[in-house]
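Sequential numbering from 1 along the given sequence is applied to the chain's residues.
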Amino acid sequence: MQFTPGYLFGMALQTVPEPRKVARDLFNLGLSRETLWTALLLMVVLATVMGVVADLIFPIDAQLMGPILSSPILLGVVEGAFMFGLSVAIYAIGRMMGGQGSLENAIMTVVWMEFLFLGLQVLTVVLTLIAPAMAALLLFASVFLFFWVLTHFTAENHGFQSTGLVFTSILIFLVLAVFALSFILVLLGVEPIEIPAQ
């Protein structure tokens with residue numbers, strides 16, 4: 001595998017039609033756990049920087065976001081906790097369901113997903129400035145891509161044949177995670193968005 005911009009861009013495009021092939025190619029790199037954790041940390045830093053840049057271009061009321069998410073450092077901690085937690089969840093939950101995947105492949109899954117989303121975030125910010133409607137469509141496409149990549153990479157990692165069962169399991173886990181995250185965000189001072197009365 002060549003770590004050149006052109007090659008990585010080609011793999012990113014290939015992820016949509018052939019996600020399991022791309023997953024196999026990435027998993028077969030055999031990167032050490034230390035290397036993968038370092039790559040994940042780099043993704044956390046880049047995601048945090050991108051979040052700060054987006055906030056500078058499209059400012060959000062700090063009172064709405066709360067004291068935690070309005071701080072770049074603490075935002076990075078939240079990003080890191082999410083990526084770390086997702087990596088462990090992909091590995092642990094897959095194992096509990098009878099999968100044979102490795103933690104290294106789970107980390108690689110999150111690193112590659114974040115790599116794709118960073119590119120989409122940059123494109124979304126640009127489109128928001130020149131074509132807001134297209135930016136909104138890209139946001140919906142990003143949600144689809146999240147589930148698409150997560151489902152197929154997890155299935156490939158653990159050796160599952162049914163992507164439908166993996167997708168259903170992911171949805172159940174995410175619903176439970178959203179309830180837990182909502183409770184945590186309330187404790188951190190993030191208030192629900194109030195819709196003005198008409």
Point-to-point distance, once rounded to the nearest 0.5 Å, from [atom1] of [X] to [atom2] of [Y]:
{"X": "M108", "Y": "L40", "atom1": "CE", "atom2": "CG", "answer": "11.0 Å"}
{"X": "M43", "Y": "E79", "atom1": "CE", "atom2": "CD", "answer": "11.5 Å"}
{"X": "L26", "Y": "F115", "atom1": "CG", "atom2": "CZ", "answer": "10.0 Å"}
{"X": "I170", "Y": "L165", "atom1": "CD1", "atom2": "CG", "answer": "10.0 Å"}

Could you go through residues 129-152 and list every donor-acceptor pair under 3.5 Å that involves a side-chain atom there, pairing it with any protein atom two or more places apart or in another chain?
residue, atom, partner, partner atom, Å
S142, OG, L138, O, 2.9
W148, NE1, V16, O, 2.8
T151, OG1, F147, O, 2.7
H152, ND1, W148, O, 2.9

Can you name the side chain to side chain contact (heavy atoms under 4.5 Å, CB included) partners of Q121, sequence neighbours left out?
-> M50, E114, L118
Under the side chain to side chain contact (heavy atoms under 4.5 Å, CB included) test, which residues partner N157, sequence neighbours left out?
-> F27, I90, S102, N105, A106
With sequence neighbours left out, which residue pairs that include part of residues 9-18 fulfil the side chain to side chain donor-acceptor pair (under 3.5 Å) condition?
-> Q14-E18, T15-W112
Of all pairs that satisfy salt bridge (Lys or Arg N to Asp or Glu O under 4.0 Å), the ones with a partner from [range], not counting sequence neighbours:
{"range": "residues 157-178", "result": "none"}
{"range": "residues 154-177", "result": "R20-E156, R24-E156"}
{"range": "residues 26-45", "result": "R33-E104"}

Other than F179, which residues form its hydrophobic cluster under the rule that side-chain heavy atoms must be closer than 4.5 Å?
-> V175
Remaining members of hydrophobic cluster (4.5 Å side-chain criterion), F9 | L13
Within residues 73-93 or reaching into it, pairs that qualify as ring pair (Phe, Tyr, Trp, His ring centres under 6.0 Å) - sequence neighbours excluded | W37-F84
Could you pull out all residues at least two apart from S32 that satisfy side-chain hydrogen bond (donor to acceptor under 3.5 Å, both in side chains)?
-> T35
